[in-house]
Undergrad: 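Got a structure here, written out as structure tokens. Questions coming.
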Amino acid sequence: MKKVAENIFYAGAQVDGGFLFENQYEIPNGVTYNSYVILDEKTVVLDTADQRVAEQWLSNIKGLLSGKIPDYLVVSHMEPDHAANIGIFLKEYPNTTIVANQKTFDILGCYFDIDLSERSHIVKEGDTLSLGAHTLQFFMAPMVHWPEVMVSYEQKEKILFSADAFGNFGKIDDIFLTSGKEEEWQEDAGRYFLNIVGKYGKPVQQLLKKAKGLDIRMICPLHGPLLKENLGYFLEKYDAWSSYRADKKGVLVLSASIYGNTDAAAAYLAKCIEDEGVAAKHLTLAGADLSYAVAEAFRYETVVFACATYDGGLFPCMENLLYRLSSKNFQNKKIALVENGSWGPMAAGKMKAELEKLSGMEFVGQTVTIKGAVQESDKEKLKELAKDIRG
């Protein structure tokens with residue numbers, strides 16, 4: 001039994017990696033599907049879990065309830081990784097009332113053919129639900145990152161059940177984030193947020209404004225560890241990410257290379273930038289999970305895009321990356337360009353045309369064009385670009 005606070009318990013389940021989260025993101029360290037139980041005069045379960053952990057999750061629920069019939073199931077978010085087990089839960093506990101907002105009930109019908117006319121409790125912004133010693137208050141969080149999302153604030157223990165906000169990849173040994181591991185947390189949390197929720201910066205800002213009006217002592221997300229120490233750190237990270245502010249100093253160099261020559265140019269440029277006294281990180285795109293590059297591109301102040309020309313356009317992994325960045329509202333960056341093409345270099349123009357469509361882009365330095373392998377003359381141009389980037 002994993003205790004969150006007085007009479008509040010963790011009922012989540014976790015799995016190893018070996019599959020793609022949302023069928024697209026690598027999760028080498030697995031993932032958790034969090035769920036919670038409050039035992040009071042009225043008993044409530046907060047959210048279910050993914051189908052792949054249905055048996056484990058339901059066993060956890062039964063163990064915590066010890067034969068009790070739950071009065072309520074609060075549904076914060078209808079995405080199947082949290083709501084897939086609503087059907088089996090209601091078969092097990094047919095008299096439990098579903099607590100959710102109207103939009104949630106609308107979407108619930110897309111996944112389950114269940115008559116809830118006699119067991120629905122619709123809540124709106126600011127509504128409360130008394131459980132006895134504990135009281136839940138509900139706040140709508142539309143488009144963080146689905147339109148029906150809401151969060152629940154437990155007034156006695158001052159806990160924010162935050163839905164997907166503050167979620168993270170990875171399995172957990174302890175349900176609470178260990179003190180001193182904030183920097184470790186933010187790497188995967190940033191990748192999670194910027195790829196999944198990042199498009200919806202304004203709605204996240206609206207939720208953060210609501211959170212500032214609450215006395216929050218603990219944050220309980222639907223993925224990853226629970227947060228109870230140094231909460232200002234996590235709130236600041238979310239404020240930066242949802243405001244599209246860089247939170248890493250230095251330059252990110254991204255390269256899309258067919259035979260390694262463009263990668264070599266990018267690696268040399270990163271070294272030249274470091275020689276200028278500026279931190280630089282180089283990531284190759286070909287064969288990689290692009291979610292890492294998306295997250296890092298949002299987090300660095302300056303991004304260099306280096307790409308080989310392919311069929312008169314962009315090598316596909318770079319084309320894919322630019323599409324992803326655009327779809328996630330990539331903005332407010334300093335940009336430099338490097339292209340390669342033995343007989344018809346065209347990548348820089350294609351990249352610039354896409355990046356110019358985005359908000360707040362500032363292009364720095366002269367585009368460096370390489371034709372094949374990196375020559376000494378190319379190295380001089382890359383050194384000059386590094387100086388321009390340094391400013």
Undergrad: Could you identify which residues cluster with F176, counting Ile, Leu, Val, Met, Phe, Trp and Tyr as linked when any side-chain heavy atoms lie under 4.5 Å apart, either directly or through a chain of such contacts?
TA: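 F176 clusters with V4, I8, Y10, Y36, I38, V44, L46, Y72, V74, V99, V123, L129, L131, L136, F138, M140, M150, I159, F161, I172, I175, M218, L226.
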Undergrad: Quick one: are M351 and L314 in side-chain contact, heavy atoms under 4.5 Å?
TA: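 A side-chain contact exists here, since the closest heavy-atom pair is under 4.5 Å.
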Undergrad: Determine whether more than 12 heavy atoms belonging to other residues, nucleotides or ligands lie under 6.0 Å from atom CD of E183.
TA: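 Yes, CD of E183 has more than 12 neighbouring heavy atoms, counting only those of other groups under 6.0 Å.
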Undergrad: If only atom types and distance count, is the side chain of T302 paired as donor or acceptor with the main-chain N or O of V251 below 3.5 Å?
TA: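 Looks like no, no N/O pair under 3.5 Å.
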Undergrad: What ring-ring contact (aromatic ring centres under 6.0 Å, His included) pairs are there with at least one residue in residues 224-249, not counting sequence neighbours?
TA: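 Qualifying pairs: F166-Y238, W185-F234, F193-Y238, F193-W241, Y238-W241.
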Undergrad: Locate the shortest heavy-atom distance separating F298 from K328; write the atom from each residue and the value.
TA: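 Result for this residue pair: CZ-O, 3.3 Å.
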Undergrad: What is the ring orientation for W57 with F89, classed by angle as parallel under 30°, tilted 30 to 60°, or perpendicular over 60°?
TA: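 W57 and F89: tilted rings.
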Undergrad: To the closest 0.5 Å, what do you measure between OG (S326) and CG (L358)?
TA: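 Reported to 0.5 Å precision, the distance equals 5.0 Å.
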Undergrad: Ignoring hydrogens and geometry, is there a side-chain-to-backbone donor-acceptor pair from S255 to T262 under 3.5 Å?
TA: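 Such a contact is absent between S255 side chain and T262 backbone.
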Undergrad: Just wondering, more than 12 heavy atoms not from F363 lying within 6.0 Å of its CZ?
TA: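 Atom CZ in F363 is crowded, with more than 12 foreign heavy atoms closer than 6.0 Å.
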Undergrad: With the threshold set at 4.0 Å, does a side-chain nitrogen-carboxylate oxygen contact exist between K271 and E274?
TA: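 E274 and K271: not salt-bridged.
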Undergrad: If I compare all heavy atoms of G372 with all of N261, which pair ends up nearest, and what's the gap?
TA: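 Heavy-atom minimum between the residues: O-CB, 3.4 Å.
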Undergrad: If we ignore hydrogens and angles and just use 3.5 Å, is the side chain of K333 paired with the main-chain N or O of Y300 as donor and acceptor?
TA: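 Yes; judged by distance alone, with no hydrogens or angles, the pair exists.
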Undergrad: Side chains of R52 and F19: closer than 4.5 Å at any heavy-atom pair?
TA: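 The answer is yes, as the side chains (C-beta and beyond) meet within the 4.5 Å cut-off.
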Undergrad: Looking only at non-hydrogen atoms, find the nearest pair between E26 and R191 and report the distance.
TA: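 Looks like O-NH2, 2.7 Å.
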Undergrad: Using side-chain heavy atoms (C-beta onward) and a distance below 4.5 Å, is F21 in contact with I196?
TA: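 Yes; the side chains approach each other to less than 4.5 Å.
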Undergrad: Is the shortest side-chain N to carboxylate O distance from K248 to E296 below 4.0 Å?
TA: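 Salt bridge between K248 and E296, a charged N being under 4.0 Å from a carboxylate O: yes.
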Undergrad: Can you see which heavy atom on R217 is nearest to which on L231, and at what distance?
TA: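 Scanning both residues completely, I find the closest heavy atoms to be C-CD1, 3.6 Å.
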Undergrad: Does some side-chain heavy atom of L73 sit less than 4.5 Å from a side-chain heavy atom of Y93?
TA: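 Y93 vs L73: side chains apart.
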Undergrad: Within the side chain of T43, is there an N or O that forms a donor-acceptor pair under 3.5 Å with the backbone of D71?
TA: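 Here the side-chain-to-backbone pair does not exist.
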Undergrad: Looking at K42, I want to see if its NZ is surrounded by more than 12 non-hydrogen atoms of other residues, nucleotides or ligands under 6.0 Å.
TA: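 Result for NZ/K42: open.
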Undergrad: Does atom NZ of K103 have more than 12 heavy-atom neighbours, drawn from other residues, nucleotides or ligands, at distances under 6.0 Å?
TA: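 Open.
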Undergrad: Would you call K62-E92 a salt bridge at under 4.0 Å N-O?
TA: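 A salt bridge is present here (some side-chain N lies under 4.0 Å from a carboxylate O).
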Undergrad: Looking at N340, is its backbone amide N or carbonyl O close enough to the side chain of T309 to form a donor-acceptor pair, meaning the two atoms are under 3.5 Å apart?
TA: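 Indeed, once roles are kept as given, a pair shorter than 3.5 Å links the two residues.
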Undergrad: Using 0.5 Å steps for rounding, measure from the OG1 atom of T96 to the NE2 atom of H121.
TA: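 Answer for the OG1-NE2 pair, T96 versus H121, is 14.0 Å.
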Undergrad: Does I98 belong to the same Ile/Leu/Val/Met/Phe/Trp/Tyr cluster as I69, with side-chain heavy atoms less than 4.5 Å apart forming each link?
TA: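 Result: yes, single cluster for both.
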Undergrad: What are the two closest non-hydrogen atoms of L321 and A293, and how far apart are they?
TA: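 Closest pair (atom of L321, atom of A293, distance): CD1-CB, 4.0 Å.
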Undergrad: Okay, side chain of D188, backbone of N168: is any donor-acceptor separation there less than 3.5 Å?
TA: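 Judged by distance alone, no pair lies under 3.5 Å.
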Undergrad: Say whether, by atom type as modelled, one donor and one acceptor occur between the side chain of Y25 and the main chain of N195 under 3.5 angstrom.
TA: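 The answer is yes, because a donor-acceptor pair under 3.5 Å joins these two groups.
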Undergrad: Within the supplied structure, the quantity of interest is the number of heavy atoms (other residues, nucleotides, ligands) at a distance under 6.0 Å from Q155 CD; does it exceed 12?
TA: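 Yes, because the 6.0 Å sphere around CD of Q155 holds more than 12 heavy atoms from other groups.
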Undergrad: Counting only N and O atoms by type, is there a donor-acceptor contact under 3.5 Å from the side chain of N320 to the main-chain atoms of P316?
TA: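 No, N320 side chain to P316 backbone: no donor-acceptor pair under 3.5 Å.
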Undergrad: Do side-chain atoms of Q331 reach the backbone of N329 as a donor and acceptor pair under 3.5 angstrom?
TA: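 Judged by distance alone, yes, a pair lies under 3.5 Å.
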Undergrad: If you compare all heavy atoms of S242 against all heavy atoms of V204, which two are closest, and at what distance to 0.1 Å?
TA: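 The pair with the smallest heavy-atom distance is CB-CG1, 3.5 Å.
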Undergrad: Using only atom types and a distance under 3.5 Å, with no angle test, would you say the side chain of S66 pairs donor to acceptor with the backbone of G63?
TA: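 Checking the backbone N and O of G63 against the side chain of S66, a donor-acceptor pair under 3.5 Å is found.
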Undergrad: Under 4.0 Å between a side-chain nitrogen and a carboxylate oxygen: does that hold for R245 and D239?
TA: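 D239 and R245: salt-bridged.
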